[in-house]
J.: 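One structure is given below, represented as structure tokens, and several questions about it will come after.
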Amino acid sequence: MPAAITNLMDQDHSTGATRWWQLILGVICMSMIANLQYGWTLFVNPIENKHHWGLPAIQVAFTVFVLIETWLVPFEGYLVDRFGPRVVGVVSGVMVAAAWVINAKATSVQMLYLGAAVGGIGAGGVYGACVGNALKWFPDRRGLAAGLTAMGFGAGSALTVYPIADMIKTQGYEAAFLKFGLAQGAVVAIVGWFLKRPDASVKGTPRAGVPVVAPTKEYTPVEMLRSPAFWVMYVMFAFTATGGLIVTAQIKPIATDFGIGSDALASLGGLTVIALPFALSMSRILNGVSRPFFGWVSDHVGRERTMCAAFAIEGLAFLLLSRYGTDPTAFVLITSLIFFAYGEIYSLFPAACADWYGRRYVAANAGLLYTAKGAAALLVPLASIIAVKLGGWNGTFGTLAAMNVVAAVLALLVLRPLRPQTSSSGISATPRPARLDPSR
């Protein structure tokens, strides 16, 4: 690599430039893996049209990807903490490229599953490296840094969805898998080379009225797992993620059951749009925007207060959807609100994990907490069953609303008192007095 670029990335921390470069690099890497999840839907029908493996069998590949991407993050986070983000980033880039090359060459559904597994390993490595690194570089803006990094994954596919769709149409899905896979993997590997972890001198910059929160000790993953606060956060994460994942996976069937067809129109401030496509577009935008927004808010008013507000909004939105969702305009507005309130979990929980359990092992610790998404994903297939048992989606939405309200209550009444003792520069961030650990 050019020495001048490497020197730029290794410049003195005091300028403040290095950590912002690191954040930008992390966002780029995250945006390059977004298509592995959000772009998959573009390939499903073309694969079925050519091979006739059956849509359920093909969709198993997506499930394999999500489960492996989620459940291996703790191990990949451990590697980030142990060896640094550079090694993990470069290797993950190779895996990302290999995944879609395998998909392009797949002649059996089993090969498709192999590609999904390889992609899950690569995407999980990128997630662990980039989110963990952002939390380490920004102890004073953890919510914002984690939110901006997570936004890359939430909204990163927006710029390439149309080019991929066009290439599938003109050159075939195999060409799209091969060319975009190699390109995305190459970007991750090259950018990942410049990722670096901070040294102990990076402690953040206190701002007026905003604390730089630090735990009184650095918790190992095993020590964190013994903490009741972790399991409260885990339940909250799973409860709030379930609703967002269900709507993400089922928004079209929900619209159909509500009588909102593919040509239904919604009127928004004098602008008439086709309801379902517009709702899908807004879901990606707001799901991405909410992550840095709520992360920034939590940096200023506290994690628990922000969690409580966001979860309450999502719970209210599910109740509104059950009552007014049959109207196309209301459907667009309410589902947009759900996605706006849902995306914040990917910034608030990693930031809270770093606040309370330290940054030395934060990639592994945040990865363990992230597996709550995998637990929530296992509940998604039950949504249709619950809808049938309860006589429609309204019963499901009532259940999801209750889960979010429970999470909101847990944030203030249970999680906050259980939080491990911390110290801060500026205002106190804990409900009890705390002292700085003299070893820090």
J.: Are any of the side-chain heavy atoms of Met30 and Val126 separated by less than 4.5 Å?
T.: yes
J.: What closest approach, in Å, do Met403 and Phe239 show between heavy atoms, and which atom pair accounts for it?
T.: O-CD2, 3.6 Å
J.: Do any N or O atoms from the side chain of Ser108 and from the backbone of Met111 form a donor-acceptor pair under 3.5 angstrom?
T.: yes
J.: Side-chain donor-acceptor pair under 3.5 Å between Thr371 and Tyr234, yes or no?
T.: yes
J.: Students often mix this up, so state it plainly: with edges at 30° and 60°, are the rings of Trp53 and His51 parallel, tilted or perpendicular?
T.: parallel
J.: Testing Phe65, Phe180, Phe43 one by one against Trp100 for a ring-ring contact (aromatic ring centres under 6.0 Å, His included), which residue passes?
T.: Phe43
J.: Is the shortest side-chain heavy-atom distance between Tyr324 and Phe258 below 4.5 Å?
T.: no
J.: Search all heavy atoms of Met233 against all heavy atoms of Ala352 and return the closest pair with its distance.
T.: SD-CB, 4.0 Å
J.: Is the Trp40 ring parallel, tilted or perpendicular to the Phe177 ring (thresholds 30°, 60°)?
T.: tilted
J.: Can you name the closest pair of heavy atoms from Cys353 and Leu369 and give their distance?
T.: CB-CD2, 4.2 Å
J.: What is the ring orientation for His300 with Trp296, classed by angle as parallel under 30°, tilted 30 to 60°, or perpendicular over 60°?
T.: tilted
J.: Is it true that atom CZ of Phe293 has more than 12 heavy atoms of other residues, nucleotides or ligands lying nearer than 6.0 Å?
T.: yes
J.: I'd like to know whether CZ of Phe75 has more than 12 heavy-atom contacts from other residues, nucleotides or ligands below 6.0 angstrom.
T.: no
J.: Kindly indicate whether the side chain of Tyr173, heavy atoms from C-beta on, has any atom under 4.5 Å from the side chain of Lys50.
T.: yes
J.: Which of these, Leu316, Leu320, Asp327, Leu319, sits in a side chain to side chain contact (heavy atoms under 4.5 Å, CB included) with Ile334?
T.: Leu320
J.: Please give me the minimum heavy-atom distance between Val80 and Ala129, naming the atom from each residue.
T.: CG2-CA, 3.6 Å
J.: Please work out which of the three classes, parallel, tilted or perpendicular, describes the rings of Tyr370 and Tyr127, given edges at 30° and 60°.
T.: parallel
J.: Looking at every non-hydrogen atom in both residues, tell me the closest pair between Thr70 and Gly374 and how far apart they are.
T.: CG2-N, 3.2 Å
J.: Measuring only between side-chain heavy atoms, which start at C-beta, is Phe349 closer than 4.5 Å to Thr240?
T.: yes
J.: Which heavy atom in Arg197 sits nearest to a heavy atom in Trp137, and how many Å separate them?
T.: C-CZ2, 3.8 Å
